[in-house]
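Beneath this line is the structure, given in structure tokens, with notes to follow.
Computation of the quantities below employed the complete heavy-atom set of this structure, encompassing side-chain atoms and omitting hydrogens, waters and symmetry-equivalent molecules.
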Amino acid sequence: MKKNKNHQSMNHHKWIIFLSFCLVVFSMNSLFSQSSVLGLRFNGQNVRSANATVMLPGKGGRNPQINIGDRLVSGTRLIIPSNTIVILRSPAGIQECSSTKGKTMEYTVSMTSKGENHTVRGAGAQVKSSVNKSVGYNYRVNNGRGTTSAARGTEFTFTDMSEGQNEQAFITTQEGTINIIDKVPIQIYGKNSATNKRGEPLTKAVSRLQSAGEEQYTSNDYPLKYADYAQAISQIGAEINSIEDPEERADNLLCLGDLYMDFEQPENAIDPFYQAMLIFEDYYGYDDLDTIEAQLSWAEALGYTGRKSEAIELLNNANQLLLELADWNIEDLEYIESLEYIDDEDNEAYDVICEELSEIYGLLGWVYEIAGDQATSDLYYLEMENECN
């Protein structure tokens, strides 16, 4: 594996903006149930141990080998080579993780009080799920790019087919029914897709059910069209109260808040952003990037309405969390670069971590933009653009 990029070029600008505060050390939801390694296959043969990088959250350490019986705490990241299959047992069921395109893949499992979230990243990265916990428990698989399958008591396969900036996922159901949530762009005035204040496309979550025997679902980016902002705000606002799935509701609350911000009504954006943040924190954890993004959206809306002290506290909190996450991702990248069993031509493992680091830099840029420090903001935005190049 050869990338050898100097990841310390900014030294992260570890300043505390406006206020100093104490932060409780990450628990990474370690009090919740764990996953365990149920089986391993290498080149089609059952094995007891295999080359697959186990990266524990935070400063928990890294191991270049995975073994049957290993327990994975919440937040553990696995880097799985193309010729290796990892079979896991979680509190809700069994996951079989493998690549369908001969490339290294990334898998992450996170546990919260509401259930468990499984994320697969990398072109061809696949997880086959057999879910057996069906009451009062959330089981989700996503690709970290906008497509999610939520299931209770079913069997389904989720394959990430994203490459570069193009998000795509394939989903098939072998038994029962699943709920698929897909983020699609919004188009207003019949022009290009609407964007938020950071220039990112505004997306709305849409859902559909898929049952066993139905044709494969393929995510798409076909836009939803609205005549104007008033129509989009009215329709999306009316839909939110009837949405049962919490993630779909949170995604649409974020969308509604962004629409209000674009429409120069920040006072109306405060509550949607706050409600979205609470849902993400409840289901994904306080240190999840979706939670932090919602927190920053809330802080920006508060700042626009003159509630500066509240906004500053939120910015400081997000800044510290993001700096910790950036450090951990940099350490993971440097570790991946040192591995000999990952083919030099297979950059997928590096790229998926690098993309997350770029997203973190983008959020740090936004922290300082909201705070009014444009010079530092620009540096982070530049890191965001250059990190994976």
Side-chain angles (χ1 to χ4, degrees), residues 17 23 26 75 108 110 112 117 119 121 140 142-148 165 167 181-186 193-205 236 240 246-262 266 269-304 310-326 328-329 352-353 355-371 377 380-381 383-385 387:
I17 49 178
L23 185 68
F26 277 54
T108 305
S110 298
T112 73
N117 305 298
T119 303
R121 293 187 178 95
R140 294 170 183 275
N142 71 89
N143 62 353
R145 304 285 292 271
T147 304
T148 298
Q165 297 301 311
E167 188 275 340
I181 304 167
D182 211 352
K183 293 181 183 178
V184 297
I186 286 178
S193 296
T195 59
N196 58 25
K197 287 189 173 297
R198 301 182 306 287
E200 299 170 342
L202 282 186
T203 59
K204 179 186 182 301
I236 294 173
I240 286 173
E247 183 184 4
E248 183 184 357
R249 186 163 65 251
D251 286 337
N252 285 316
L253 282 165
L254 274 183
C255 177
L256 181 62
D258 280 332
L259 287 168
Y260 276 127
M261 293 294 286
D262 272 7
I270 291 173
D271 188 63
F273 286 146
Y274 173 67
Q275 295 299 329
M277 185 199 69
L278 290 180
I279 294 172
F280 284 132
E281 184 173 9
D282 212 13
Y283 282 83
Y284 289 104
Y286 70 95
D287 50 3
D288 182 83
L289 292 185
D290 283 336
T291 305
I292 296 172
E293 181 177 357
Q295 180 178 330
L296 292 178
S297 297
W298 182 32
E300 185 174 45
L302 289 170
Y304 269 96
E310 295 170 81
I312 289 169
E313 183 177 358
L314 292 170
L315 291 175
N316 277 311
N317 183 32
N319 183 63
Q320 187 68 20
L321 284 172
L322 290 166
L323 289 174
E324 296 249 12
L325 291 170
W328 297 347
N329 276 271
V352 291
I353 299 175
E355 287 171 6
E356 182 171 329
L357 183 57
S358 292
E359 185 177 355
I360 291 169
Y361 283 145
L363 291 174
L364 281 165
W366 190 23
V367 167
Y368 285 92
E369 182 179 349
I370 297 171
S377 174
Y380 275 120
Y381 283 143
E383 284 290 302
M384 175 188 71
E385 294 174 359
E387 178 59 34

Please examine the side chains of [Y] and [X], heavy atoms only from C-beta on, and report whether any two atoms are closer than 4.5 Å.
X	Y	answer
Glu300	Trp366	yes
Tyr304	Met261	yes
Glu247	Ile279	no
Leu289	Leu322	yes
Phe273	Asp258	yes
Leu321	Tyr286	yes
Glu313	Asn317	no
Asp282	Thr112	no

Distance (rounded to the nearest 0.5 Å) between [X] [atom1] and [Y] [atom2]:
X	Y	atom1	atom2	result
Thr148	Asp251	OG1	CG	7.5 Å
Leu323	Leu364	CG	CG	5.5 Å
Leu363	Tyr381	CG	OH	8.5 Å
Asn143	Thr119	CG	OG1	8.5 Å
Asp288	Asn117	CG	CG	8.0 Å

Nearest heavy atoms of [X] and [Y], plus distance in Å:
X	Y	value
Ala301	Pro266	CB-O, 3.9 Å
Leu315	Ala299	CD2-CB, 4.1 Å
Ala294	Ala276	CB-C, 4.3 Å
Gly365	Ser377	O-OG, 2.7 Å
Cys255	Ile236	SG-CD1, 3.8 Å
Asp287	Leu325	O-CD1, 3.6 Å

key: For Glu356, all residues meeting salt bridge (charged side-chain N to carboxylate O under 4.0 Å, His left out), sequence neighbours excluded   =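 Result, salt bridge (charged side-chain N to carboxylate O under 4.0 Å, His left out) vs Glu356: Arg77, Arg121.
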request  = List for me each residue that meets salt bridge (charged side-chain N to carboxylate O under 4.0 Å, His left out) alongside Asp271, sequence neighbours excluded, and say none if there are none.
outcome  =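 Not a single residue meets the salt bridge (charged side-chain N to carboxylate O under 4.0 Å, His left out) criterion with Asp271.
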query = Yes or no on side chain to side chain contact (heavy atoms under 4.5 Å, CB included) for Tyr284 and Arg140, after CA distance, side-chain angles and deciding distance?
reply = CA-CA 10 Å; Tyr284 289 104; Arg140 294 170 183 275; 3.5 Å; yes
ask   = Taking only residues two or more places apart in sequence or in another chain, which ones pass ring-ring contact (aromatic ring centres under 6.0 Å, His included) with Tyr274?
value =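 Tyr274 satisfies ring-ring contact (aromatic ring centres under 6.0 Å, His included) with Trp298 only.
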query = Any donor-acceptor pair under 3.5 Å linking the side chain of Gln295 with the backbone of Leu314?
reply =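 Side chain of Gln295 to backbone of Leu314: a pair is present.
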task = Any chance you could lay out the side chain to side chain contact (heavy atoms under 4.5 Å, CB included) test for Asn319 and Tyr368, step after step, and finish with the verdict?
result = CA-CA 9 Å; Asn319 183 63; Tyr368 285 92; 3.3 Å; yes
key: Member of Leu296, Leu254, Thr291 meeting the side chain to side chain contact (heavy atoms under 4.5 Å, CB included) criterion with Met277   =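 The passing option is Thr291.
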request  = Any chance you could lay out the side chain to side chain contact (heavy atoms under 4.5 Å, CB included) test for Arg249 and Ile240, step after step, and finish with the verdict?
outcome  = CA-CA 6 Å; Arg249 186 163 65 251; Ile240 286 173; 3.9 Å; yes
